[in-house]
Amino acid sequence: MSVEGWIQIVLFGLVVTLLVRPLGGYMTRVFAGERTALSPVLGPLERGFYRLAGIDPRVDQPWGAYAVSMLVFSLAGFASLYALMRLQALLPLNPAGQAPVEESLAFNTALSFVTNTNWQSYVPEATMSLLVQMAGLAVHNFVSAATGIALAIALVRGFARRSSRGIGNFWADLVRCTLYILLPLSIAVGLFFAWQGVPQTLAAATEATTLEGAKQTIALGPVASQEAIKMLGTNGGGFFNANSAHPFENPTALTNFVQVVLIFSLGAALTNVFGRMVGDPRQGWAVFAVMAALFLAGVLVVYAAEAAGNPLVAASGGNMEGKEVRFGIVASALFAVVTTAASCGAVNAMLDSFTPLGGLVPMFNIQLGEIIVGGVGAGLYGMLLFAILAVFIAGLMVGRTPEYLGKKIEAREVKMALLAILILPFSILGFAAVATVVEAGLAGPANAGPHGFSEILYAYTSATGNNGSAFAGLSANTLFYNTTLGLAMFVGRFLMIVPMLAIAGSLAAKKSVPASAGTFPTHGPLFVGLVIGVILIVGGLTFFPALALGPIVEHVAMHAGTLF
């Protein structure tokens, strides 16, 4: 480890922290429907969308109607994206003449982008037309991120409101988030990326002559615009297969730093939105402190492991395998931890070449439920589910009904929170167990033994956690993996969201309970420590069974005569 490495980590943390309040204040005004600096320009456009769709943004939806609206919108998005990929050979803006996307791959990819997972079992520049990249994948990078943020705001309203049946209007939240937050920021960031050398063109490819005199075809396209929302919306799903390791997506050290800041910016700012909306900014900073502590622990472990290198290689100078030589070990370690903490699959092959401990942390980050900042919106509502469990445990300790932000946490809220959280280990371990004992699953890993098992486990961890990063080495573009990973994405997104919205509706209907001497403080170090403890315990429900599952699967598979 070096002084320069520590400076990068500290600078990153400082910049993200400084962005929390201004971004949080702006986002709070947007979701409250208040006037902003962009209202004169975007206000008429917003109202035009409502009229065109026949939506009254003033209608306050109960949690069930909010959930149905979200599910219908997601289903329509899945169907349209699937059709776009299957029909791309017949549609314009296909200068490379891309063939229709195969059925199972189109199913996997459509679910991937609708759920904000952005898992890629394909080579984008060789599979998708420019129309699919722009009108399909990039569009869903916007609306899936906006959906996640809207859901987080709905849960926050549940805490903030008193004796209310409604938790907001999904359509208004979706439109406002896209128009006032994601779109303006993406335009500014896209222009910055283009200035730094990221391509932004409708040309399909260019031909270059190598030093040896050979001809090389280099794919091009509208990369800068997709890269902006990819990072800002914690999407992943790059224009190129190598994602942000590709020099066209991430050409300079400055773009590399800006990208990791973008990944954390909105998710971190949502903690401030939470504090502002419930009327106590300290509550938001407490949630931010939990996220920051877990993130810092992860990045320090990964940096130390990668900087130490392989102990079997003398004087290795650190583990440079799979790292971006342009940026060094610390930047690669920081990128890996940020992307896996924030549900952004912008990092792929390099995780497969990390040291065992360095690769463990990103996997464990996702298994925690993507709550260390997490995907935009998903990180906050996931963290608040853990906070509910934490105050419930605190209430049991003192023998009284637990309270959080003036709301009594009762059996209904705890049951729904546990249902939402426990669906993750059920999906991760269940799909991984099946994949390691059936022939179609065992055909995927490039390695046998523990490393091959890690490739499989990471894939289902990433899919269920709606992360989208890959351990590499797994040939996932098969009927078995496209189907099961797609189902894991569905489970990880929607089977967690519905119980969460039920909690929002239940909390919004409750009256406020005045604080008393027995009320557990939820804005100090004790609360932060308790939430971290609950997170680590629940995260262990996936991690420790996975450790046991590996040898068991290897033993069973060995007797069955399989590759394991």
Side-chain angles (χ1 to χ4, degrees), residues 15-16 18-50 55 57 66 69-70 73 77 113 116 118 138-157 160 167-193 224-237 258-259 261-277 284 288 342-344 373-381:
V15 171
V16 170
L18 290 175
L19 288 173
V20 167
R21 286 192 65 186
L23 272 178
Y26 175 73
M27 294 170 72
T28 303
R29 292 193 296 274
V30 167
F31 287 109
E34 298 176 3
R35 185 178 178 84
T36 70
L38 295 176
S39 295
V41 177
L42 297 178
L45 189 58
E46 178 191 357
R47 293 188 290 272
F49 277 123
Y50 295 146
I55 294 168
Y66 200 100
S69 297
M70 178 272 300
F73 178 74
F113 279 79
N116 198 234
N118 309 95
V139 166
H140 280 280
N141 279 351
F142 278 95
V143 296
S144 65
T147 298
I149 295 174
L151 293 167
I153 296 300
L155 180 58
V156 173
R157 290 194 186 108
I167 58 172
N169 186 297
F170 171 76
W171 306 109
D173 291 341
L174 180 74
V175 170
R176 286 170 183 160
C177 183
T178 304
L179 274 184
Y180 289 93
I181 300 171
L182 297 178
L183 192 59
L185 289 174
S186 294
I187 291 173
V189 173
L191 291 172
F192 165 77
F193 283 153
S225 56
Q226 185 160 324
E227 190 70 14
I229 186 58
K230 161 193 161 183
M231 312 312 278
L232 191 66
T234 64
N235 294 286
V258 168
Q259 287 188 14
V261 169
L262 288 172
I263 293 170
F264 263 23
S265 58
L266 293 183
L270 279 169
T271 63
N272 187 259
V273 175
F274 169 64
R276 290 172 184 266
M277 290 182 66
F288 180 80
S343 187
C344 181
V373 178
V376 282
L380 179 61
Y381 65 66

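This structure is a prediction, so every number in the text was calculated from the model and none was measured.
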**Q** Could you state the interatomic distance from CG (L185) to CE (M231), rounded to the nearest 0.5 Å?
**A**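 Here the interatomic distance stands at 14.5 Å.
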**Q** Got a sec, which residues hit side chain to side chain contact (heavy atoms under 4.5 Å, CB included) with S265, two or more places apart in sequence or on another chain?
**A**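 If we apply the side chain to side chain contact (heavy atoms under 4.5 Å, CB included) test to S265, skipping adjacent residues, the hits are L19, L23, L232.
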**Q** Residues in side chain to side chain contact (heavy atoms under 4.5 Å, CB included) with L191, at least two apart?
**A**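 With sequence neighbours excluded, L191 shows a side chain to side chain contact (heavy atoms under 4.5 Å, CB included) to I187, given in chain and number order.
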**Q** If only atom types and distance count, is the side chain of T234 paired as donor or acceptor with the main-chain N or O of V376 below 3.5 Å?
**A**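 Checking the backbone N and O of V376 against the side chain of T234, a donor-acceptor pair under 3.5 Å is found.
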**Q** Could you grab the distance from atom CG of L42 to atom CG of L183, nearest 0.5 Å is fine?
**A**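 Atom-to-atom, L42:CG and L183:CG are 7.5 Å apart.
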**Q** Quick one: does V15's side chain get under 4.5 Å of F264's, heavy atoms only?
**A**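 Contact flag for V15/F264 side chains = no.
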**Q** Which residues pass the side chain to side chain donor-acceptor pair (under 3.5 Å) test with Y381, sequence neighbours left out?
**A**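 Partners of Y381 by the side chain to side chain donor-acceptor pair (under 3.5 Å) criterion come out as none, since no residue qualifies.
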**Q** Going by side chain to side chain contact (heavy atoms under 4.5 Å, CB included), name the residues that satisfy it together with S144, two or more places apart in sequence or in a different chain.
**A**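 Result, side chain to side chain contact (heavy atoms under 4.5 Å, CB included) vs S144: N116, N235.
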**Q** Quick test of your reading: applying salt bridge (Lys or Arg N to Asp or Glu O under 4.0 Å), list the pairs with at least one residue in residues 30-39, sequence neighbours left out, ordered by first then second residue.
**A**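 Found none.
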**Q** Nearest heavy-atom pair of G190 and A228: which atoms, and what distance?
**A**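 For G190 versus A228, the nearest heavy atoms are N-CB, 3.7 Å.
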**Q** Under the rule for ring-ring contact (aromatic ring centres under 6.0 Å, His included), what residues qualify as partners of F192, not counting sequence neighbours?
**A**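 Listed in chain order: W195.
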**Q** Tell me the closest heavy-atom pair linking V143 and L174, and the distance in Å.
**A**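 Nearest pair, atom of V143 first, then L174: O-CD1, 3.8 Å.
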**Q** Nearest 0.5 Å, what's the OG1-NE2 distance between T147 and H140?
**A**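 Answer for the OG1-NE2 pair, T147 versus H140, is 9.5 Å.
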**Q** Apply side chain to side chain donor-acceptor pair (under 3.5 Å) to N169 and list each qualifying residue two or more places apart in sequence or on a separate chain.
**A**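 Applying side chain to side chain donor-acceptor pair (under 3.5 Å) to N169 gives none.
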**Q** Return the CG to SG distance between L266 and C177, rounded to the nearest 0.5 Å.
**A**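 Going from CG on L266 over to SG on C177, the span is 7.5 Å.
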**Q** Mind checking what makes side chain to side chain contact (heavy atoms under 4.5 Å, CB included) contact with A224, not counting sequence neighbours?
**A**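 For A224 the side chain to side chain contact (heavy atoms under 4.5 Å, CB included) partners, ignoring immediate neighbours, are F193, A194, V198, Q200.
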**Q** Looking at P44 and S39, what are the two nearest heavy atoms and their distance?
**A**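 Taking every non-hydrogen atom into account, CD-O, 3.8 Å.
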**Q** For residues 18-29, which residue pairs qualify under side-chain hydrogen bond (donor to acceptor under 3.5 Å, both in side chains), counting only residues two or more places apart or in two chains?
**A**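 Those involving residues 18-29 do not exist here.
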**Q** Any idea which heavy atoms bring A146 and T178 closest together, and the distance?
**A**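 Heavy atoms of A146 and T178 come nearest at CB-OG1, 3.4 Å.
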**Q** Return the minimal non-hydrogen interatomic distance between I167 and R157, and the atom names on each side.
**A**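 Closest pair (atom of I167, atom of R157, distance): O-NH1, 3.0 Å.
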**Q** Mind checking side chain to side chain donor-acceptor pair (under 3.5 Å) for R276 and listing every partner two or more places apart, or none if nothing turns up?
**A**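 Side chain to side chain donor-acceptor pair (under 3.5 Å) list for R276, sorted by chain: N272.
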**Q** Please report the interatomic distance CG(D173) to CG(L151), rounded to the nearest 0.5 Å.
**A**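 Spacing of CG (D173) from CG (L151) equals 9.0 Å.
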**Q** Y180: what forms a side chain to side chain donor-acceptor pair (under 3.5 Å) with it, not counting sequence neighbours?
**A**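 Testing Y180 for side chain to side chain donor-acceptor pair (under 3.5 Å), a comparison that skips the adjacent residues, returns E46.
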**Q** Please report the interatomic distance CE(M277) to CD1(I153), rounded to the nearest 0.5 Å.
**A**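 It comes to 5.0 Å.
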**Q** Show your reasoning for whether side-chain contact (heavy atoms from CB on, under 4.5 Å) applies to V156 and V273.
**A** CA-CA 9 Å; V156 173; V273 175; 5.6 Å; no
**Q** Is there side-chain contact between W171 and F73, with at least one heavy-atom pair below 4.5 Å?
**A**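 They are in contact (side-chain heavy atoms under 4.5 Å apart), so the answer is yes.
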**Q** Applying ring-ring contact (aromatic ring centres under 6.0 Å, His included), name anything that partners Y66, two or more places apart in sequence or on another chain.
**A**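 Expected list: F170.
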